[in-house]
A.B. asks: 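Input: one structure, supplied below.
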Amino acid sequence: MAAILVVDDEYLILESLEMFLSEKGHSVVTAETGADGLRQYFRYHPHVVLLDIRLPDRNGLEILKTILAAPHPAKVIMMTAFQDMETTIEAMKSGAYDYLSKPLDIDEVERALERAIRLALAERNDQKPSVEVLTTSRDVMIGKSPAIREIFKTIGMLCRNQATVLIQGETGTGKELIARIIHQNSPFSEQPMITLDCSAIVETLLENELFGHSKGAFTGAVENRPGKIELAGKGTLFLDEVTEMPLSVQGKFLGVLERREFMRVGGANIHKSLCRIISATNRNIEGCVRQGKFREDLYYRLKVVTIHVPPLRERRCDIPELAEYFLKKAAATLGVEARQFEAGVMERLCEHPWSGNVRELKHVIMAATLRSRGSIVLGEDIEQELDTSIHDTATVSSNFRLDSGEREQIRNALSHTGWNRSRAARLLGISLPTLRAKIARYGLSPDLSQQEGAKA
Ligand SMILES: Nc1ncnc2c1ncn2[C@@H]1O[C@H](COP(=O)(O)OP(=O)(O)OP(=O)(O)O)[C@@H](O)[C@H]1O
Ligand SMILES: [Mg+2]
């Protein structure tokens, strides 16, 4: 577990490295320009920097030198196209820890990083990155309602075994959070937790992602690649939106659950599956079974233990504690003084329908905290956010308002995190790919004047 900064102007590289590294459990910050890279560097003091040599605004070497000149420098791994050979040599001479040539080979990236991280951690002689937001501390689930207490008990029981779990509940109720807590409390918590969103990718790729492939399995399979089942080791494989798994893949996956064995696509060897499988859905999985969209036998295999997370409106007694918690968190993340709610706000929060559940509550409080200037979050700050909340049923009919509210929330989160997309996504409680899609949809881009002003 380390804090890593990736600086590259190629969007695709940034995005894929960010996803790859976050999946490995690292905290990743990205920057597309040299100026922004330095700004992020001095803000977060990452353990390792992956730095492209050719950046639009500055030479990577210059940045390397700036980093190395400051106290306790990170390990810097340069990335360069082949024709930058000369520069690479110079980079190594200047004190770069390693270099990788493009096109990047993901195994090579992993090896180089692993060494650099070990060294950086040993040198700093502390296992924790310096900035609070970057510590992927253990997750906390708030709630005292009988339903939540029951869930805590189930989680406690799951600590002792590797039983398969199915988590059901509306969007934003905390299914993924529960999956992470189960993992963190399991005997194999030091092993990875790997997530696969079954709705996010096409059928053939999904199979590939799950099982991996062997060299030559198809055009483009130039190397052996482990799938997520293997990558999870003895840890946890989290299958999100499991009802979206195509029937063909369901059949193959059933084999994994029945025999605890699988083969890579195009491979001949049998691999053992050792991980715990947690799946989640916000859809009616029983309905999918009845409609023939989800295999009944697979459904039974997945629901050895089931956790049903009730919607927030059915456990309103959890709202005050959740609201206070998100307020503290918002203040800490935004680096502002601790705040309080104005009298009457809590009552209002307790009445709201919260169709987007805890995620919506979190968004509203984050956004209201951003909006409020003083130390008190006023009723009107909350009211404004409830008006524009993306889940508010009253605004769903009006797409314009819906979009402008959401766009504004996203823009705020991005500007407050200095366009750090992973942090913004966390702040908004949405996934990184979803955030990227929304950034593209709303045509958002960093405010350049702001970046210039922030040059380190
Ligand atoms: N009880 C809780 N205590 C603290 N935070 C919570 C709680 N429940 C949910 N959250 C937070 O709310 C957000 C949404 O939760 P999560 O992503 O787990 O929802 P989900 O059920 O997986 O939603 P979806 O079906 O849309 O994927 C996250 O930021 C999560 O940390
Ligand atoms: Mg989820």
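Counting starts at 1 for both ligands and their atoms, following the listed order.
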A.B. asks: Tell me the protein heavy atom at minimum distance from atom 29 (O) of ligand 1, and give that distance in Å.
C.D. replies: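 Looking only at protein heavy atoms, the one closest to atom 29 (O) of ligand 1 is Lys362 NZ, 2.6 Å.
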A.B. asks: Check for me whether Gly169 has a heavy atom closer than 4.0 Å to any atom of ligand 1.
C.D. replies: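 Contact check Gly169 vs ligand 1: negative.
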A.B. asks: Look at ligand 1 and say whether Val140 reaches it with a heavy atom at a distance under 4.0 Å.
C.D. replies: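 Right, Val140 reaches ligand 1.
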A.B. asks: Do Asp318 and Ser145 get their side chains close enough for a donor-acceptor pair, meaning under 3.5 Å?
C.D. replies: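 Ser145 and Asp318 do have a side-chain donor-acceptor pair below 3.5 Å.
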A.B. asks: How are the rings of Phe211 and Phe253 set to each other: parallel, tilted or perpendicular (split at 30° and 60°)?
C.D. replies: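 If you compare the ring of Phe211 with that of Phe253, the planes turn out tilted.
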A.B. asks: Between Leu5 and Leu50, is there a side-chain heavy-atom distance shorter than 4.5 Å?
C.D. replies: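 Sidechains of Leu5 and Leu50: no contact.
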A.B. asks: For atom 25 (O) of ligand 1, what is the closest protein heavy atom, and at what distance to 0.1 Å?
C.D. replies: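 Among all protein heavy atoms, the one nearest atom 25 (O) of ligand 1 is Lys175 NZ, 2.6 Å.
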A.B. asks: For ligand 1 and Arg359, I'd like to know whether there is a polar contact (N/O to N/O, distance under 3.5 Å).
C.D. replies: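 By distance alone, the answer is yes.
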A.B. asks: Does ligand 1 come near enough to Asn282 that some N or O of the ligand is less than 3.5 Å from an N or O of the residue?
C.D. replies: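 In this structure, Asn282 places an N or O atom under 3.5 Å from an N or O of ligand 1.
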A.B. asks: Note the single closest protein heavy atom to atom 26 (O) of ligand 1, along with its residue, its atom name and the distance in Å.
C.D. replies: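 Result: Thr171 OG1, 2.4 Å.
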A.B. asks: Can you tell me which residue and heavy atom of the protein come closest to atom 1 (N) of ligand 1, and the distance to 0.1 Å?
C.D. replies: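 Scanning the protein heavy atoms, the shortest distance from atom 1 (N) of ligand 1 goes to Ile142 O, 2.8 Å.
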A.B. asks: Side chain or backbone of Leu177 under 4.0 Å from ligand 1, or both, or neither, by non-hydrogen atoms?
C.D. replies: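 The answer is both.
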A.B. asks: Only one of Glu258, Glu261, Glu207 forms a salt bridge (charged side-chain N to carboxylate O under 4.0 Å, His left out) with Lys252, so which one is it?
C.D. replies: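 By the salt bridge (charged side-chain N to carboxylate O under 4.0 Å, His left out) criterion, Lys252 pairs with just one of Glu258, Glu261, Glu207: Glu207.
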A.B. asks: For the residue pair Arg339 and Thr369, confirm or rule out a side-chain donor-acceptor distance under 3.5 Å.
C.D. replies: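 Note: Arg339 and Thr369 side chains miss the donor-acceptor criterion.
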A.B. asks: Between Glu176 and ligand 1, is there a nitrogen or oxygen pair with a distance under 3.5 Å?
C.D. replies: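 Yes.
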A.B. asks: Strictly by modelled atom types, are Thr164 and Arg301 linked by a side-chain donor-acceptor pair under 3.5 Å?
C.D. replies: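 There is no such pair between these side chains.
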A.B. asks: Looking at side-chain heavy atoms only, is the closest gap between Asp107 and Arg111 below 4.5 Å?
C.D. replies: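 Yes - at least one pair of side-chain heavy atoms lies under 4.5 Å apart.
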A.B. asks: Taking only heavy atoms of Leu322, which atoms of ligand 1 are found under 4.0 Å from at least one of them?
C.D. replies: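 It comes down to these atoms of ligand 1: 1 (N), 2 (C), 3 (N), 4 (C).
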A.B. asks: Give yes or no for whether the N/O distance cutoff of 3.5 Å, strictly under, is met between Gly172 and ligand 1.
C.D. replies: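 Min N/O separation from ligand 1 is below 3.5 Å for Gly172.
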A.B. asks: Indicate, as side chain, backbone, both or neither, the part of Phe238 found under 4.0 angstrom from ligand 1 when only non-hydrogen atoms are considered.
C.D. replies: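 Neither part.
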A.B. asks: Name the closest protein heavy atom to atom 16 (P) of ligand 1, giving the residue it belongs to and the distance to 0.1 Å.
C.D. replies: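 For atom 16 (P) of ligand 1, the nearest protein heavy atom is Gly174 CA, 3.7 Å.
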A.B. asks: For a quick check under 3.5 Å, do Asn357 and Glu170 share a side-chain donor-acceptor pair by atom type?
C.D. replies: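 A donor-acceptor contact under 3.5 Å links the two side chains.
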A.B. asks: If you count the atoms of ligand 1 from 1 in the order shown, which ones are under 4.0 Å from a heavy atom of Met141?
C.D. replies: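 Here the atoms of ligand 1 in question are 1 (N), 2 (C), 3 (N).
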A.B. asks: Ignoring hydrogens and angles, state whether a donor on the side chain of Gln40 or Asn420 is under 3.5 Å from an acceptor on the partner side chain.
C.D. replies: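 Checked: Gln40/Asn420 side chains show no N/O donor-acceptor pair below 3.5 Å.
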A.B. asks: Checking a contact table here: which protein heavy atom is nearest atom 10 (N) of ligand 1, and how many Å away?
C.D. replies: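 Closest protein heavy atom to atom 10 (N) of ligand 1: Val358 CG1, 3.4 Å.
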A.B. asks: For the pair Glu383 and Arg348, find out whether any cationic side-chain nitrogen is under 4.0 Å from an anionic carboxylate oxygen.
C.D. replies: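 Result for this pair is yes, salt bridge flagged.
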